[in-house]
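Below: one structure, written as structure tokens.
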Amino acid sequence: MDDSPPGLGDLEHEVMQLVWANAPVTAEAVRERLRRPLKESTVRTVLRRLEEKGYTTHTVDGRTYVYRAAEPRGRVAAKAVQRIVDWFCNGSVEEVLVGMVDTAMLDQRQLRLLADKVAKAKARSKGGKK
């Protein structure tokens, strides 16, 4: 089952980057930080669409909607990568990682960090089993 949210358009992506970086944030605050001039109503529409897609949530402060990301950026990125892994490599994360190493996307430092994280995850899973 695919529980990942739908993809983002360019403007939606830019708005989400601002939400992740500045939350909690209002439509006006997002509008002020955008690289292109847009009406606040346009930004509110984008934020509402992002909420419908599952990327943001909001609370109401007086009459102002205050937005936050529904999930951390890293979790959303991981779900996007999972879609790529499933689509291109039939679910084989190993195939993707080997491809990243072969194309020098990961340097030695990144490989060591990844190896350390894998070792820690293995230790946790062994420690949790009885």
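Numbers here simply count residues along the sequence, with the first being 1.
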query: Looking at Gly54 and Ala70, what are the two nearest heavy atoms and their distance?
result: O-CB, 3.3 Å

field: Shortest non-hydrogen separation from Val19 to Ala69 and the atoms involved
entry: CG1-N, 3.5 Å

Answer yes or no: is there a side-chain heavy-atom contact under 4.5 Å between [X] and [Y]?
X: Leu34; Y: Leu18; answer: yes
X: Asn22; Y: Arg33; answer: yes
X: Leu111; Y: Val101; answer: yes
X: Tyr65; Y: Leu47; answer: no
X: Asn90; Y: Asp86; answer: no
X: Arg73; Y: Met16; answer: no
X: Val15; Y: Leu8; answer: no
X: Leu97; Y: Leu114; answer: yes

To the nearest 0.5 angstrom, please state how far the [atom1] atom of [X] sits from the [atom2] atom of [Y].
X: Lys79; Y: Arg83; atom1: NZ; atom2: CZ; value: 9.5 Å
X: Leu11; Y: His13; atom1: CG; atom2: NE2; value: 11.5 Å
X: Thr57; Y: Leu50; atom1: OG1; atom2: CG; value: 11.5 Å
X: Glu95; Y: Asp102; atom1: CD; atom2: CG; value: 10.5 Å
X: Glu40; Y: Glu32; atom1: CD; atom2: CD; value: 8.5 Å

message: Taking CG in Asp61 as the centre, count heavy atoms belonging to other residues, nucleotides or ligands within less than 6.0 Å. Is the count above 12?
response: no

- prompt: Could you give all pairs that pass the side-chain hydrogen bond (donor to acceptor under 3.5 Å, both in side chains) test and reach residues 103-112, with sequence neighbours left out?
  reply: none

[X] with [Y], same ILVMFWY side-chain cluster at under 4.5 Å:
X: Val30; Y: Trp20; value: yes
X: Val60; Y: Val25; value: yes
X: Val93; Y: Met100; value: yes
X: Val96; Y: Met105; value: yes

field: Electrostatic pair Glu28-Arg31, nearest N-O below 4.0 angstrom
entry: yes

- request: Let me know which of Thr45, Val46, Val43 forms a side-chain contact (heavy atoms from CB on, under 4.5 Å) with Leu38.
  value: Val43

- prompt: Where does the angle between the aromatic ring planes of His58 and Tyr67 fall among parallel (under 30°), tilted (30 to 60°) and perpendicular (over 60°)?
  reply: tilted

message: Main chain of Lys122, side chain of Ser125: is a donor-acceptor contact present, judged purely on distance under 3.5 Å?
response: yes

task: May I ask you to decide if Gln82's main-chain N or O and Trp87's side chain share a donor-acceptor pair within less than 3.5 Å?
output: no

